[in-house]
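Remarks on the structure that follows.
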Amino acid sequence: MSYLTFIEQRNSQVKKSSLEALSVASKIAKSEGAPSNAVLVGKDIKGNFDTLYKFGADSVFYKDDAKLEFYNPVIYRDLVVNAVRKTNPKRVFFSATSMGKDLAPAVSCRFEATVIGDCTEYKESSGKIIWKRPVYAGKCYILLCGNKNPEFVTLRPNVFNAVEQASSNKSEVEIDFDIGSVNPKIQVKEIRVQQKGRPELTEASIIVSAGRGLKGPEHFSLRDQLADVLGAAIGTSRAVVDAGWRPYSEQVGQTGKTVSPNLYIAIGLSGAIQHLAGMTSSKVIVAINKDKDAPIFKIANYGIIGDAFEVIPALIEEFKRVLGK
Amino acid sequence: MKIIVCVKRTPDTTTQIRVKPDKSGIEQDIEWILNPYDELAVEEALKLKEKNGGIVTAISLDPDANNSVLRRCLAMGVDEACLLKGGKNYDSYSVAKLLADEIKQREYNLVLFGKQAIDDDNYQVPSMVATLLDVPWVSVVTKVEVNGDSVCATRQIEGGEEIMETKFPCVISCQRGLNEPRYPSLKGIMLAKKKEIPVKEIASLPESVAVTGHEAPSPRPPGRIVGEGSGAVKELVRLLKEEAKVL
Ligand SMILES: Cc1cc2nc3c(=O)[nH]c(=O)nc-3n(C[C@H](O)[C@H](O)[C@H](O)COP(=O)(O)OP(=O)(O)OC[C@H]3O[C@@H](n4cnc5c(N)ncnc54)[C@H](O)[C@@H]3O)c2cc1C
Ligand SMILES: Nc1ncnc2c1ncn2[C@@H]1O[C@H](COP(=O)(O)O)[C@@H](O)[C@H]1O
């Protein structure tokens with residue numbers, strides 16, 4: 001029995017999070033002596049094959065077509081379903097990105113299966129794999145295992161390492177499926193890219209987040225300057241979004257984005273339960289708040305009691321000095 | 001225009017989640033609310049109806065046949081509600097299949113969902129229902145424009161948005177930013193109390209995943225105050241570099 005990993009690309013480049021998923025799949029496949037296959041669809045994608053072999057793929061099932069340049073849920077689903085039918089895998093992996101979370105259930109439902117989604121850990125136990133995933137925005141974890149083949153799994157980005165490993169075979173197989181035969185009934189009209197040059201919240205290894213403590217929208221440039229020194233993504237609280245100071249895309253928390261960076265710097269954020277739900281799985285948390293009793297200090301590894309307007313400029317200077325910028 | 005909205009009961013966001021001693025699930029003596037993303041779906045349905053005319057139906061699948069969230073939908077202005085008693089909480093495929101089977105028996109132009117239920121955060125039911133109904137779908141939507149039969153929906157993705165074009169019938173899942181859900185009016189609440197909510201009992205399906213346990217998150221180490229004001233900055237940065245090694 002084989003393994004299959006869906007590889008996501010943007011602008012013809014495979015995403016790092018897909019290599020993380022491929023690495024996990026290949027590692028498990030190799031321990032069972034099973035082939036690890038990848039499925040890659042898009043436009044001008046053939047330059048990525050070698051990268052996939054490097055991370056353990058034995059064969060790549062692909063479709064290279066101008067019509068696949070952008071994500072089309074219906075066509076992508078039908079292509080991946082086709083690859084699953086052809087390779088008859090034991091497990092199918094996706095990265096839990098916007099695309100992966102949208103696509104995996106559409107594919108799995110053709111096999112009458114639930115997706116074991118957004119996993120952050122796994123353990124092998126008498127021939128089965130027990131997957132661990134956060135629920136209630138991380139207030140609790142659930143342990144699951146599939147009970148039929150194929151089993152569909154999505155992995156949270158940034159949690160597993162992309163690891164180079166040996167691959168055999170190294171063959172490419174074009175998916176034998178006529179895209180023209182599908183009536184997609186839907187198409188991408190436009191893609192708008194925001195905040196160029198800054199990492200995206202869910203993919204960042206450092207996040208600088210600021211809340212209502214910054215007093216007004218005009219002061220968020222302070223947060224952004226600090227983020228720029230660290231190459232960090234920017235986040236905020238719902239209170240700030242509701243006040244219209246910052247866009248919703250920056251909201252961290254139970255009804256915003258769930259993040260797990262290496263370093264989360266929380267400035268002028270009280271640490272409401274809904275905010276904590278979205279970020280307590282961060283590796284290291286730093287809190288800066290002028291109220292020594294703010295709940296955020298209870299979960300912060302390091303805290304500074306102080307005024308954001310005094311502490312942020314000092315932090316910018318010190319980080320610049322230490323990082324040699 | 002016929003719009004169906006699928007809604008689920010979820011724990012209130014302020015709830016402390018406690019794992020049962022036998023790890024089979026979470027303690028249920030908590031406050032429940034209409035899933036906040038489903039509230040957006042209800043609001044969007046009502047707005048579309050106000051503009052284009054039509055009828056809005058809310059459907060909820062609940063193993064305990066609890067109809068509180070459907071009452072809330074009626075109070076907000078939904079025309080009719082249908083409660084399906086059955087299903088398992090966790091299994092997205094069976095939830096989607098049971099909902100799709102019910103939807104297939106009805107006429108619809110649009111089926112609206114929340115982008116995710118904030119209990120299991122599964123994020124699966126909308127794409128599954130669309131696939132089972134064989135209609136196109138757009139998930140995580142922050143803007144919907146309807147023009148006759150055409151639908152233009154803006155979908156949030158990493159670092160940007162995709163604008164998708166499709167036609168009715170279709171499925172859309174709603175993300176914050178789409179609208180501001182209304183509060184039920186007193187009149188709406190009174191009217192909703194009088195409306196009947198039919199209950200359909202349905203058979204469950206075999207499970208495709210097995211839940212083997214629940215775990216509370218590992219507690220974080222107790223917080224540590226490095227110091228006060230900008231004087232503490234040097235020491236903080238040193239700790240991040242040398243102790244935590246995250247720079
Ligand atoms: C259904 C629901 C869902 C929600 N989902 C989310 C969510 O996803 N994400 C989220 O964040 N919230 C969410 N909330 C809101 C949440 O309950 C809080 O209201 C919100 O997180 C508070 O934001 P805040 O910390 O920026 O503001 P506040 O709670 O007002 O905290 C401001 C903090 O700044 C400090 N401060 C003030 N001045 C300074 C200064 N000069 N220097 C340093 N510190 C200063 C104060 O001491 C205080 O601790 C949700 C609420 C509900 C009801
Ligand atoms: N039991 C249910 N009854 C009705 N709708 C549901 C149910 N479960 C999920 N949904 C819908 O599907 C969306 C996504 O849920 P999920 O895939 O479970 O995260 C929710 O926001 C609801 O709109």
Side-chain angles (χ1 to χ4, degrees), chain A residues 73-74 97-98 101-102 105-106 109 112-117 130 135-148 185-195 200 202-203 248-249 254-255 262-263 273-274 284 297-306 310-311 314-315 318-319 322, chain B residues 11 13-14 17 19 26 36 91-93 96 118-124 127-128 131-132 136-137 139-140 156-167 176-177 208-217 220-221 223-230 232-234 236-237 239 241 244 246-247:
Chain A
V74 174
T97 57
S98 299
K101 288 200 270 196
D102 190 56
C109 113
E112 303 186 354
T114 292
V115 176
I116 302 178
I130 310 279
V135 286
Y136 305 96
K139 291 178 188 169
C140 167
Y141 286 84
I142 191 168
L143 301 166
L144 293 164
C145 69
N147 53 15
K148 61 191 228 181
K185 301 182 206 161
I186 185 164
Q187 63 181 25
V188 171
K189 195 171 120 196
E190 193 190 333
I191 292 190
R192 291 196 198 128
V193 179
Q194 297 156 341
Q195 37 156 304
E200 152 60 28
T202 51
E203 296 172 336
Y248 172 69
S249 55
Q254 187 156 12
T255 53
N262 285 331
L263 174 59
I273 184 166
Q274 298 99 341
V284 173
F297 283 129
K298 292 212 179 66
I299 58 131
N301 303 69
Y302 306 108
I304 292 184
I305 300 166
E310 183 202 325
V311 176
L315 268 177
E318 184 63 9
F319 278 129
V322 168
Chain B
T13 56
T14 49
I17 300 292
V19 174
I26 61 154
D91 204 343
S92 304
Y93 173 72
I118 60 159
D119 46 9
D120 297 329
D121 296 325
N122 261 334
Y123 213 122
Q124 297 179 25
S127 347
M128 285 185 175
T131 293
L132 293 165
W137 77 98
S139 54
V140 197
Q156 207 173 58
I157 57 169
E158 289 90 356
E161 22 186 59
E162 283 170 350
I163 306 173
M164 311 286 273
E165 267 182 338
T166 187
K167 279 193 173 15
R176 262 197 83 211
S208 68
V209 286
V211 176
T212 62
H214 287 74
E215 272 177 19
R220 294 192 69 90
R224 166 165 147 208
I225 301 292
V226 178
E228 288 191 23
S230 54
V233 162
K234 242 192 166 64
L236 171 70
V237 173
L239 287 166
K241 189 159 186 246
V246 285
L247 290 185

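Numbers restart at 1 for each chain; the letters A, B, ... are given by sequence-line order, proteins then strands. FYI, side chains are in, hydrogens and waters are out, and symmetry mates aren't considered; it's all heavy atoms of this structure.
Taking 4.5 Å as the limit, every side-chain heavy atom of B:H214 sits out of range of all side-chain heavy atoms of A:Y141. The side-chain heavy atoms of A:P73 and B:M164, taken from C-beta on, include a pair separated by under 4.5 Å. Under the 4.5 Å side-chain criterion, counting only non-hydrogen atoms from C-beta, A:V115 is not in contact with B:Y123. When side chains are defined from C-beta on, B:I118 does not count as touching A:Y136, because their heavy atoms never get closer than 4.5 Å. Between B:L239 and A:N301, the closest side-chain pair of non-hydrogen atoms is not below 4.5 Å.
The contact between B:K167 and chain A is made entirely by backbone atoms, counting heavy-atom distances below 4.5 Å. For B:A232, the parts lying under 4.5 angstrom from a heavy atom of chain A are both the backbone and the side chain. The part of A:I130 that comes within reach of chain B is its side chain, from C-beta onward, which places non-hydrogen atoms under 4.5 angstrom from that chain. For a residue to count as touching a neighbouring chain, one of its non-hydrogen atoms must lie under 4.5 Å from one of that chain's; by this rule A:T255 touches chain B with backbone and side chain alike. With a 4.5 angstrom heavy-atom cutoff, B:V140 does not touch chain A via any of its atoms. For A:A137, the parts lying near chain B are the backbone and the side chain together; criterion is any non-hydrogen pair under 4.5 Å. For chain B, the nearby part of A:K298 is the backbone; its heavy atoms alone come within less than 4.5 Å.
Rounding to the nearest 0.5 Å places CG of B:D120 at 9.5 Å from SG of A:C140. In this structure, B:T166 OG1 and A:K189 NZ are separated by 12.5 Å, a value rounded to the nearest 0.5 Å. Atom CG of A:L144 sits about 6.5 Å away from atom OG1 of B:T212, to the nearest 0.5 Å.
When A:N147, A:V311, A:I191 are compared by the number of non-hydrogen pairs under 4.5 Å with chain B, A:N147 comes out ahead. Interface summary for chain B: among A:G306, A:G138, A:C145, the most heavy-atom pairs under 4.5 angstrom belong to A:C145. Residue with the most contacts toward chain A among B:K241, B:E161, B:E162: B:E161 (heavy-atom pairs, distance under 4.5 Å). Per-residue heavy-atom pair counts under 4.5 Å with chain A were compared for B:P136, B:S139, B:A216, and the maximum is reached by B:P136. The greatest number of non-hydrogen atom pairs below 4.5 Å with chain B, out of A:I273, A:T97, A:D102, is found for A:D102. No other option in A:I299, A:I186, A:V135 has as many heavy-atom pairs under 4.5 Å with chain B as A:I186.
With hydrogens and angles left out, the side-chain atoms of B:S92 and A:T114 include no donor and acceptor closer than 3.5 Å. Checking B:T13 against A:Q274 by side-chain atom types alone, a donor-acceptor pair falls below 3.5 Å.
Listed for the A:E112 side chain is no donor-acceptor partner under 3.5 Å among the backbone atoms of B:Y93. In this structure, the side chain of A:E190 does not engage the main chain of B:I163 through any donor-acceptor pair within 3.5 Å. The main-chain N or O of B:G159 is found under 3.5 Å from a side-chain atom of A:E200 such that the two form a donor-acceptor pair.
Taking all atoms of both residues into account, the shortest heavy-atom contact from A:A314 to B:V233 is O-CG1, 3.6 Å.
Counting non-hydrogen atoms of neighbouring residues, nucleotides and ligands closer than 6.0 angstrom, the NZ atom of A:K148 exceeds 12 such neighbours.
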